[in-house]
Each structure stands twice: as structure tokens, then as C-alpha cells.
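Presented below is the structure to which this report refers.
Here the structure is a predicted model, which is why all the values come from computation and not from measurement. So that the names make sense, note that chain A is the first sequence line, chain B the second, and so on, each numbered from 1.
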Amino acid sequence: MCLGVPGRITAVEHSTGLTMGTVDFGGVQRQVCLAYVPDARAGDYVVVHVGFAISRLDEAEALRTLQLLQAMGDLLERELTPEAGP
Amino acid sequence: MCLGVPGRITAVEHSTGLTMGTVDFGGVQRQVCLAYVPDARAGDYVVVHVGFAISRLDEAEALRTLQLLQAMGDLLERELTPEAGP
Amino acid sequence: MSIADPARLTCPAPRSETGTVLLGHGSGGQLSAELLREVILPAFGPADAVPEDAALLAVDGAHLAVSTDAFVVNPLFFPGGDIGALAVHGTANDLAMMGAAPVALALAFVIEEGFPVADLQRICTSAAAAAAAAGTRIVTGDTKVVGRGAADGLFVTTTGVGRMLPGAAVSAAAARPGDVVLLSGPIAAHGTAIIGAREALGFESAIVSDTRALHRLVAAMLAAAGPALHTMRDPTRGGVASALNEIAVAARVGIEVDEATLPVPAAVAAACDLLGLDPLHVASEGCLAAIVAADQADELLATMRSTAEGQDAVAVGRVVAEHPGRVLLRTVVGGRRIVDLLVGEQLPRIC
Amino acid sequence: MSIADPARLTCPAPRSETGTVLLGHGSGGQLSAELLREVILPAFGPADAVPEDAALLAVDGAHLAVSTDAFVVNPLFFPGGDIGALAVHGTANDLAMMGAAPVALALAFVIEEGFPVADLQRICTSAAAAAAAAGTRIVTGDTKVVGRGAADGLFVTTTGVGRMLPGAAVSAAAARPGDVVLLSGPIAAHGTAIIGAREALGFESAIVSDTRALHRLVAAMLAAAGPALHTMRDPTRGGVASALNEIAVAARVGIEVDEATLPVPAAVAAACDLLGLDPLHVASEGCLAAIVAADQADELLATMRSTAEGQDAVAVGRVVAEHPGRVLLRTVVGGRRIVDLLVGEQLPRIC
Amino acid sequence: MKYLDEYRDPVLARRLLEQIRHTVRQPWTVMEVCGGQTHTIVRQGIDELLPAGLRMIHGPGCPVCVTPLELIDKAIDIAGRDRVVFTSYGDMLRVPGSHTDLLTVRAHGGDVRVLYSPLDAVDIAAERPDRDVVFFAVGFETTAPANAMAVLRAHQLGLTNFFMLVSHVLVPPAMMAILDAPDCQVQAFLAAGHVCAVMGWTQYEPIAARYGVPIVVTGFEPLDLLEGVLMAVRQLQDGRAEVENQYVRAVRRSGNTAAQDAIRRVFRTGDRAWRGIGTIAGSGLMLADEFAAFDAERRFRITDPAAREHPACIAGDILRGTAVPTACSAYARQCTPRSPLGAPMVSTEGTCAAFYTAGRAPVPAGERQPR
Amino acid sequence: MKYLDEYRDPVLARRLLEQIRHTVRQPWTVMEVCGGQTHTIVRQGIDELLPAGLRMIHGPGCPVCVTPLELIDKAIDIAGRDRVVFTSYGDMLRVPGSHTDLLTVRAHGGDVRVLYSPLDAVDIAAERPDRDVVFFAVGFETTAPANAMAVLRAHQLGLTNFFMLVSHVLVPPAMMAILDAPDCQVQAFLAAGHVCAVMGWTQYEPIAARYGVPIVVTGFEPLDLLEGVLMAVRQLQDGRAEVENQYVRAVRRSGNTAAQDAIRRVFRTGDRAWRGIGTIAGSGLMLADEFAAFDAERRFRITDPAAREHPACIAGDILRGTAVPTACSAYARQCTPRSPLGAPMVSTEGTCAAFYTAGRAPVPAGERQPR
Ligand code: SF4
Ligand code: SF4
Ligand SMILES: [Mg+2]
Ligand SMILES: [Mg+2]
Ligand SMILES: [Mg+2]
Ligand SMILES: [Mg+2]
Ligand SMILES: [Mg+2]
Ligand SMILES: [Mg+2]
Ligand SMILES: [Mg+2]
Ligand SMILES: [Mg+2]
Ligand SMILES: [Mg+2]
Ligand SMILES: [Mg+2]
């Protein structure tokens, strides 16, 4: 369910009575409703589903996860190396 | 003005509240309004304009005209023959 | 010129709308010629190209003809045929008009979504049968589907590759004063059958389209008197009028046609009378006009009459040196008028 | 088979509607294949025909290829091209995929009345320029006009006659286990550019169609290693998935593709992510897939990269004896799945 | 086809021509009133066959050509609107308005349909209550009964979405206007057979008497026209000025009274503008008040500024015979049959169009005389 | 693309898989709830890479597949009507109703349009007051805020021609229904990351506690899923049953409260039928009374008889795990993914479709056991 794609807000627009913004998805742009991410600003990344930003992406958390994975990988590799058979 | 074509009534129809009929134009048929030729019957020839029969064709008169033309022609030819130069 | 002239016969003439494509631009008449001259030829050149039914190509010693036509006939199924057979005959005939026999056909469909598969099947079967009957085959094709309302049912484009028949050297530009104009059979049946098959005008008739392939007739004519056969053209869109005018212009000759000899079937004539159409403007799809050397005209006529397709062939006129680029009609009562190109689209008249 | 399987990737699969032509029947995917198998081939035969991009003909010693395609792209003008150039490239490329260089093109328009003549002029000019750039010419054509609402602006059908290049002996059936799969460049740009150019979904992007002629690339490949070149196909409708599946079926081989090597430009990948499309299903118009003998693969790759059209050529997979008729993808994370044909029309997903 | 083929017989035609040549002893000018007759004459090249002194002038009898520019513009305006089905006889679609024509309106998406009969428009209205269906009711007395019946039928069916844009004209006032012109050259008329099939010919008797012109009610086939011409020149030669009926097979003296009743019920007579001629008193039919609800001009407010003929056009002079087309500054330059500026070029039977298609060269600007 | 490409890294994926293999010490069955996650698993072939004893079951999380047949039929009925613009996400167009699908309705002339966002439907309604514009509002909690905003927007604009055909479903009740089944085999859940981005994960805490199942809120990229699986099996191996959040970059514990407020304002909770599963109490969202005017079911009286699943279909048994598809008399005969008779063949992630595409042969009629 619920194809959600991360994109970067490039502009925010309030004129129509509904907070809208332009979101860039790696080279593809679309107007997106930002009403549910009232704190989001240009430059922020959001998850977009059916034309609505449903969540801001947390860069610090994302980085931490990736670093943990990386670390876990390294750890694992060290763990596995002695066991590795032919 | 007023392209009018002779055709032969092949059927008369009163059911719709308007006298209509099928008219055959030498192999092409169409529904035609017969309201203005109330005496016309299947077999009669009528002049049709924009889907309306506007006149019954008078076979006797038509024949008479043609015969007159024919006669006139013959007469003329006799008249002309002596005068005809080289 | 004091002779009755083309533009006087359409009342009134349409305004030139250079900014917008009109239905009349596809009619095979004046607007079609204008579009060709002002838009198509300037892009694809040469600007002074003689409009022929097919292009000639020489590839590695093989002498080929190539022709393409899009078919948008409505209705798709009509008395005497359907769009599938028509698309095969039309292209096979365009090849035949250049003296070529079809070697292979390509067929591309554009189909509106919602089109019944059963109808598509009928059309395919009919096209295949027509190709087989014409001694050829559909060797490649394409099928595109467009959204509802983006096409009217189904369109077909056929392209033919033909091999030049021995002795063929025909061209619209090859007509010479003194030549005789032959018609292979009755005219205007296809166009009137189509108009009759449409509902909007409310007509019914037993008129049947004459759609058929003519390459056997052409082969017989070439075999009988190849060099005497100067020009052939199938009077499809725009009718005999367009075919003869194109020849008159391309060959810089005049053409004179005798109205009394024109083979217009009675029911076809009636339909034209009724709608105010000129049978010379109405399409045939199984008939050809040939311009032939006078001394071989009788022999060619006899040859044509010995074929199924040409059994009603007649001589209808001759090529003259006068009034180059113009086609004149000697009327039944002995008058003369210019046979004009259809101006815009064919519209029924009340006047 | 425990590998992830085609039908599982479209959710849900469309119901078979044998009675009605759907948009999906023109998508180049499963429904297209079904229509070909159940309607087109039974009529035009042979029923077991290998679907090739062009038919081969021998006429009086000349070795020819013939191909036709109808073009119904919407919008007519799109980033990177227009329907005129596309129609020339598409047909020139279908000839090239059989190892033929275009000798002549035929072009037929179907135009909706009301179409701007200026747009028609642009399209003609663009088609003529594309033909000239591809070393050929549009030698014959046709123009039909249909009523308002009976077509969506303009359709073009192009048919190409090609001469076989020396050394060309390619066929979808010629792929052999051990062969290498090459792609001449980035994929899916055309299809995403078109979707982006449509208004309904509200997207904008700088993606540009890759439409271009590939016959020079093909000539270079044939010159470099003709006999090693077993199969070529341009992944247009239905994308790389359709092209490779057709080859796998025709040659009764398996094909394995390495997802990590697939050249999908970043913006194209983003557009596909956003709409839930698989780039393997999205059309390219300036790219070819080639199946080549393994021992000449590197040389061919180097030859391709030395041309403008093939500068980003890559090897993306290989032909195997296993799972004949199936294309398998080795995914980026090391899994495997079957690369299916697009089932119906391409629809954006929410799920 | 019976009643057609017999009247196209070449032998009889030749005999009639001989008879005409035999009869004419001085130059005469005869006007055929009806565009349909003009059509036959032009298509058959009959005028060319007549003896040199016998000149045919083509009358104003083409309903398509005399429909005023203003009404064409109204039709174009209505036809371009949403939710309107605009229906018409085919030939009206080509007529240029001030800026465009109905064919172009259709090309740009207007729902413009060609019908054979006005009853078909009523049927469409009955089937499509969600659309306003408008019929462009042009024509002479021949067409009026058909259009009247369409209104009666719509009334009977209680339709509220059927409308007529009416531009009906009447022949006798136009004939009198022609005869009243100071430089009138017409010496005899061929009256329009189909108009008379509806109206009879009693209306013409006072005209023949008052103006001293022979009037021959004439049919449309070659033999009809030749016989009509023969009857007219015989009267001229004899010094008679009577109404005679050539078209006896179709026309009775009192015409079709049922059709006349329908016309009287649905329409009233009023002044009407003729394109290129101007307003002729009592020469038009308008919807009677009882049927005003079917009047398209009432239903659709047309806010366009009044239509104006092109300023360069000297059609008035040409129609009055005081200038020839080649003297017009627009002739064969901006104004051609394919893009006409004025009525005499619109109608392909018009004087300017006839000059143009005969290839007559325009007078160079320097040599043109001020008028 | 940032936030996507990093999570498709093959090296890290291999390491996570090693870690999973390293962790798993006994067979476990984990259900990913969301169809989007199923999509990634299938497209990336992840299930094939997992250690043999670790089985993924695909959950009911495809809104397209669980929409009840009856509602599909209603959509088809409405979409075929005159003057209706029926709008939908693309994937709903393929779903078979009792007799046809929306693609076929469009092919036969229905104005059926694929939109990317429900706000686009509101725009169409504002532009076309002459049309009823209906949006097919399917989806889970992720989509509900978007559809809620469309209703609020239509309300704000005062539109009276905008309607929603609502078939919203909620995840937690469905998870409980699965866990309540007597033969439930699910031992841990990967919860749907985007649902939780909206709703947070507090709703899942009582479920984890009551049923003793680990629940890991998980993203959609390959690394997300592998990490989610790893976290789930770690809990299983450790004997824990907690709610954990793998998708930390996008999901907060309390979710998106602004979005939750909009859902609560526009919708109310009620019982909802799930295709192939049956009615689950409190598992659906319906329009609140305040917005009943936008309800397409109220606007369009649907007179069709109630939809009925095919009599041969034993979907119920299959979904309860008491029969395998090959035992169904219709399987691979009348019922295939291209013409499915029941929900497990409709959804390409369904059990019947999975069996079919894996090439499993039907049991011959004679050998089929009575059930
Ligand atoms: S030539 Fe044209 S502009 Fe001049 S008088 Fe004639 S119609 Fe008018
Ligand atoms: S195979 Fe088809 S009919 Fe049988 S249970 Fe599965 S979905 Fe139902
Ligand atoms: Mg052709
Ligand atoms: Mg042709
Ligand atoms: Mg031709
Ligand atoms: Mg193709
Ligand atoms: Mg249609
Ligand atoms: Mg092709
Ligand atoms: Mg192609
Ligand atoms: Mg191809
Ligand atoms: Mg042509
Ligand atoms: Mg359109």
C-alpha cells in the first residue's frame, strides 16, 4: 500500500488558501500539498504520497541508521571472517 | 435555388402523426414527408425538395409535352431541310 | 475563356483558410492540391514533383514502386466491401497505376479503445483475402490503440512495394495530344455507396462499392500494348475530375471528355442528382483512367473488355494540345464546360 | 519455479477482455502479444511467425527489408522531438534492427480537421530533416483529414524500404546460449519524457526523449563484427522487457540481466519511482539491445562506444540455456526475478 | 431516372436550339431567376449554345448567396457555442461570414451538422434534450413549407430546445426590384419552377402585365430550360408579355395550397436584406408571433457588432451595372472566389466570380478610373 | 535519488542478509503487512535470499485488492453514467468487478480518468460544474489524509458536484483479525511504514502486548525490509514482543497529528468488508455526517443486485489456510490471473495467483478431495 517517495521542497506557496509547494524528486517536479507538514521549509525532504507530504524526513536519524548498518556490516564481516569455510 | 428531384412513392405511412412515405429515386430510397401531397398514393411520382414532396408529377402532361417537343422537332427538321445550306 | 468554368459550379466557393486543416483538405480536390503544393512538397520536395500514385525506386538492379495510403472510410463496413479490402485494393491499385505488381504490403492499424475485436478480426481476414486475391501478402504490420474518442473506430494505412511489370513506362506527365482517354468501367459507385451507408442523410440504396484490385487488368494492358499505355490513374478521392486534371497539369495538355460516354450507373446517377453531387467528383475504387496512343486505343479497349475488371471499359475522350492543364467536358446537349477539381469537401446542396 | 514471477508484479492483473480492444492492446506488452497471436497472425500468418522489426524481401536479386509503424504519440511535440522525427526514426530503426539501411520512406498522415497548418508544417519539416539526417528521403505519402473528434490531432504512419547491409544476418531467433546482451545507451527516457509532457499527472521534468536514428550505429557494428551480431531490437513500446522477452521466446533461450548494470538516468529512475513504473517497461526511441557472440562482445562494445549513438553502451546480461522463453533479472541486492511483459497499459500506481 | 433522363435528350436539345435560333431575330436579354437553373445552364454550357444575340443573365436565385452577411455571422456565433447542435443544408457551410465560415467553426470543435431535411433537425432535438438544436432555415418559397412543417412538428412534440435561424426570401419582390432598377436590362424571365410548384403563378401575372415582361415558369433539366427560353423569345418576338408555364408536369396555376397554408400559418412577411442587393420591402418570411419561441435570434443574444461588407468592395455598383469587376481595386487581388470580399465573388454565379474564372485581368491601379 | 539509492546498496544488503542468517536459529513466519513492501520483496527477490526456515507471508495490505467486489461494481456503475467524470488512482482501473472493470468502462465511452492526487479531482469539479466528478477514495491510513483534504477543499470551495466513493480501511483491526484466526501462522509483523508515518505506532503497542507478537515499523527499500526482518527475528529469537521502529527517518511515535486531525474531522470509523476476508468490525472509514453531501453512494442510487463472488471460489478456505489453491475446481481453469474469479487470484500477491504463476498444476478432478 501507499507508494511514498522522498523529495526535496524547492518552493512553498500559500496563496490558494492551501499550503502547496514544489517538490523535486531527483529531477522531476510536482506541486504537492504541504498542509500536513506545516513546519517544512524549502530545502527540507518530505515523503510524498498521492500529492501530499505526509512526513518530514529526519536527516540526522537517516544518517545514524546508515552508519549503524555500516558499522554492523563491518562488525559482521569481522565476526564471519574466521568462520568462513571454502 | 431549390434542388428538386422526381421520385416514385413506394409506401405511405401515417403512424407518426405526420404523413410520411418511402420514395424511390431510381434506385435510391428515402423517407419523405407527404403532408403537402395528401392525394398522392404509392406508385405516384412526386417532386421532392429537402425531404418534402412539393408537387405530384402529372404523367399525362409530361407525355404531352414530350410528344409536342418530338413533333416540333420533326416539324422543324422538315422546315429546315430545304433551307439547310452546305 | 468563355467556356463555363470550374469555380462557377460550386456555389459559393469556400474561403481559403490557410491556418486550419479542413475536411476539404482531404477531399482530393483543390484544397488537397493546395496543401500538397504549399505544405507537403516544400517539406519533402521536390517542389515541382509530378504527383504520381507511387514512387519509383531502383535498388540493386531491382525496379520497384512504393505507395502508401491512409484509409479512414466511415462506415468501416459498407456495401461491397470494408476498410480492410479497400486498404489492400487502394494500395495495390496505386502500384498498378505506375505499372507495378504488388510484391508485399505493410499494414498499420490505429484503433480506438472499445473497438470490437470481432470487427478487427473481420477486417484482418478481409484484408488478407484481398491481398491473396491480388497475388500478394501482408508481410509486416503494426497495431496502435488510442483512447476513446481519440480515433473514429479504426484507421488503416497500407504501403505497397511493387515490382515494375515488363514494358511499363507510365507517368502522369506522359499524356500526349492525340491520345485517347479510356475508363475501365463505371464510375462513382464507391463514393455513393459510402454516402448511402452513412446514416445522417437518411438514404438507402442498393449501390455497392466497386472496390477491387486492378493489377491484372493493368498487366493485360501492358502485355497487349505496353508502349502505347502512357498514363494510368485510379479515380479515387476527387473522382475522375481530379485524376484527369492532375494528368492535364502534369503533361501540360488539354483533355476533352464526352459526357454522353461517361459510364455512370443509373442508381449512382440518381444518388448524385438527389444530393447535388457531380459524379465526376465522386470516388471510384475499382476503375482506372488510361491515356493511350490513339492507334492502339481500340486494341487496348478490346483487351480491357476481355478482363473481368475491364469488361465495361469505354473511351470517354481525348488529349488535345489546346487549353493545357484544363479538362473540358462536351455536355450531353452539346455544350462545353470545364471539369473542375472538387473545391472543398463534398457537401450535399439544396441549390 | 521459485523465482519471483511476472504476474506477481502487477497488482492486480487485468481481466482478459477478449471482446473489446483496450488501450493495453497497444502497449507492447502481454495484451499486444495476445492480440498479435489471436487476431493478427491467424489472419495474416504464418501463425508461428517470429515477430521481427521488419520483413525481409528478395526482389529481382535485391535484398530488402520493409517495416511499418503507426505513430500516435501524445503530445505531438515533446521534449527532445516531435511525431515527425519520431516516425522517421522509429521506422528507420526497425529497418536497422534487421540490419538494413533505409532507402526510402513512405509517410501517411491522418489529420483531425481544425489542426493548425503551422503545426503540420513543423511536423513535415521535422520528418524531412530526420529523414535527411538518416540518409534517406520520404518519397511518397498520403494525407487524409477526418472530422473533428474523429482523431486526436494527427497520426503518422511511416513505412520504410531498406537495403540489407553487407554481413547482416540478424533475427530474434538467432540468440544463442553464451551470447552477451548489450544495450547501446540509457533506457526509458522517451516514455518518461512523454508522460512528463502530459498535463494530467501534473509532473514536470527536464527529461528529454532519446529519439534518434540508429542505422549508423548498426552499420558500424556490422562492419566490425557482422556474423557475431545475432539479434538486434529497439526497446520501444513495452521497453527492454518486451524486447528481451520476444527474443527469449523466438530463440527458445533464457536471458539473464544484471539490474545493477542497467543504464537508467537518475531523473528517469525518479520519474519511475514516483509513478510506480518499471523502467524496463518504459519505451526508448534511440537505443538498441543487441545479442552478440561472447567472444566479440568487447570488440562490439568498443565499436558502439566509438559512435555518437552508442557512446554509453554497456553489457547488461547474457543468454542462457536455462528457463527458455524467460528473462531473469539479478536484482541489485542479489535476488532474482522474472522480467515480465507489461500486462496492460502502463498505469501509475498508488500501491 | 424517369422524369429526368427524357429531359436530357441530346437530339431534342439540338432541335430546340435550332428552333430558338430560328425564332430569335434580334438581341434579347433573358434572366433565369433560379440558381438551380443557372446551375444547369452553366454545367451544360447552354448559354454558349444560344444564338449570339440572346443573352442569359443569372438572377439572384441562390438562397445561399443572398443570405445577408449579418445572418451568416449570427449563424457562426451560435454554431460555436457550447451545448448547441447547429444544423444546416450543406452548401451554407461554405459561405464566408465577416471573419470565418461554418466549416471552420466545425473544424474548431463546433457541433455543426449537415442535414438533408429540416425534419431531421427536429428528430435530433427530440433525442437530445440536453442540447439546443438550431436549424439554419434559408431558402425561397420552395423550402418554406418544409421549414414550416419542422416548426409545426417541434410545436406538436412540445420541444423547447429546437430553434430556427430564419432567412427566408420571396421571389416576386426581388423580380420587381430588378425591374425597378433604372438600368434594368432584363426583357424576359424564366420563373423558378419549384417555387411555382409551391406558389403557383398567379403572383406573376400582375408583374408581367405591369412591366410588360414575358415570364415563363420553367423546369430545371436542359430541355426544360431550352423550351423555357424558346417560349420566352417567342413572346418577345411576338410582343407578348404573359405568364406561361413550361413546367406543366409539376406546376399548377394555383400551386400547392396545402403548402401555402403551412407557410402562412408559421411565417409572416416582412422586409429582408439580400446580400449584395440590399433590403427589399416585403421580400422575407419571419416566424409568426405564435412561434416566436422557436426563433433562434430570440433565444441567443448576439452581441457582435454589426457585420460590415469589405470597404474596398464595389458590389453595389456592380449589381446596379455601373461598374465592371475588373475596375475594383480588390478584384483578383485580395478578392478571389476562394477568399471573396463581396457577394458577387461569393456566389460562383456572381458577376465578379464569373469575370475571375473567365480569366479577365484586373485593370492596373494607375489606369483605374475614379468612380 | 537521496533517501532511496542509499537503501538499495548491494553491499549493505549482503551484510544484512548475513546478519539475518546469523541470527535465525529456528523456523519463523513473518508477515509484511503492506503491499508496497510485498512489491519490494518480490521485485528484489528478497524472500528467495532469506534463510530457508524464515518464511515471509504477504499481508492484506493492498488497498486495491481488498476493496470489496460490491464497491468495485458500484464504481463501475457510476463511471458508466452520462455526465460523470470518474476519477481514480491508476491501479484501481484493472480490478475486476462482477462483470467488467473500469478500463473496459472507459473503453466503452465512460469518462474515466487516472489522477495522481485527489486534489486534482477537486480541480476538475471546480472547472466542470456541468459534470458530477467522483473520486474513488480507496486506501489505508496513509491515503486518508489526502482524501480528507480533498473533501475539506471541495467544502471550502462550495462545490456541489464533487463526490467520493469511499472504501478506506484501517490496518490494526485487520492485524487483529489475522491474529485471531484459529490457524494463524504469523509470528511477527513488519508494520507499514507509511501508515505509521501518519498514525504513529502507539496503536500497535497493545497488539504486540496482547498477542505476544513482535511488530517492527518498516520502510520500503530493500535495506529497510532486510533491517526490519532482522529486527523482527532478533525479537523472536530473544522472546521479545515489542513495537520497534526501523523507519526512523520518516516515522515518529505519535505520527503526523495534523493528518490525524483531518482524518478524524472528515471520516468516522465503521465496519468494513475486505475482499476475500470478510467484514472486520471497526476496520473502515466512512464520511462523517457533516460531509454526507459528498458521498457518492448517497448521490447515485445503485440499483444493481448485490455482488456475489463466484460460487466455485473457495477463497475463504484458502485465506483461512484450510485449503490450497490447487484443490479448487476453478484454479488454472476458469480462474487465472488474467481472468480471476476470486480475491486470492485478483491480487497478484494473493495465494492463488502466486501458486498459478509458480506453475503449480491443478489437482485432476477425480483426485480432488471433498472439503
Ligand atoms: S471583386 Fe470582390 S471586392 Fe471587388 S466588387 Fe467584386 S466582390 Fe466586391
Ligand atoms: S483459484 Fe480462483 S476460484 Fe479457486 S479459490 Fe483461488 S481465486 Fe477462488
Ligand atoms: Mg498512394
Ligand atoms: Mg490511392
Ligand atoms: Mg491513386
Ligand atoms: Mg511496430
Ligand atoms: Mg468515436
Ligand atoms: Mg515496424
Ligand atoms: Mg518500431
Ligand atoms: Mg522495433
Ligand atoms: Mg494517396
Ligand atoms: Mg480531439
Taking it one step at a time, do E/Arg249 and B/Leu63 satisfy side-chain contact (heavy atoms from CB on, under 4.5 Å)?
-> CA-CA 9 Å; E/Arg249 65 188 182 281; B/Leu63 212 63; over 6 Å; no
Euclidean distance, B/Phe52 CZ relative to E/Thr143 OG1, rounded to 0.5 Å | 10.5 Å
Closest contact, heavy atoms only, B/Thr65 versus E/Glu227 = CG2-OE1, 3.6 Å
Identify the heavy atoms of E/Ala146 and B/Tyr36 that sit nearest to each other, and give their distance.
-> N-CE1, 4.2 Å
Go through the atoms of E/Asp120 and report whether side chain, backbone, both or neither lie under 4.5 Å from a heavy atom of chain B.
-> side chain
B/Leu3 side chain reached by E/His194 side chain, heavy atoms, under 4.5 Å = no
What's the verdict on side-chain contact (heavy atoms from CB on, under 4.5 Å) for B/Thr16 and E/Arg153, showing C-alpha distance, side-chain angles and the deciding distance?
-> CA-CA 11 Å; B/Thr16 62; E/Arg153 183 74 176 158; 3.8 Å; yes
Non-hydrogen side-chain atoms of B/Val50 and E/Tyr89 separated by less than 4.5 Å = yes
Quick one: what part of E/Leu152 sits under 4.5 Å from any heavy atom of chain B, side chain, backbone, both or neither?
-> neither
How many angstroms lie between atom CD of B/Gln31 and atom CG of E/Leu119, to the nearest 0.5 angstrom?
-> 11.0 Å
Interface moiety of B/Arg30 toward chain E, non-hydrogen atoms closer than 4.5 Å = side chain
Contact residues of residues 54-61 of chain B (partner chain E; heavy-atom separation under 4.5 angstrom) | B/Ile54, B/Ser55, B/Arg56, B/Leu57, B/Asp58, B/Glu59, B/Glu61
Atom pair CG (E/Leu12) and CG (B/Leu66), whose distance is rounded to the nearest 0.5 Å = 7.5 Å
Do you know which two heavy atoms are closest between E/Tyr7 and B/Ala62, and how far apart they sit?
-> OH-CB, 3.6 Å
Please step through side-chain contact (heavy atoms from CB on, under 4.5 Å) for the pair E/Met149 and B/Leu18, ending with a clear verdict.
-> CA-CA 10 Å; E/Met149 186 62 80; B/Leu18 190 63; 3.6 Å; yes
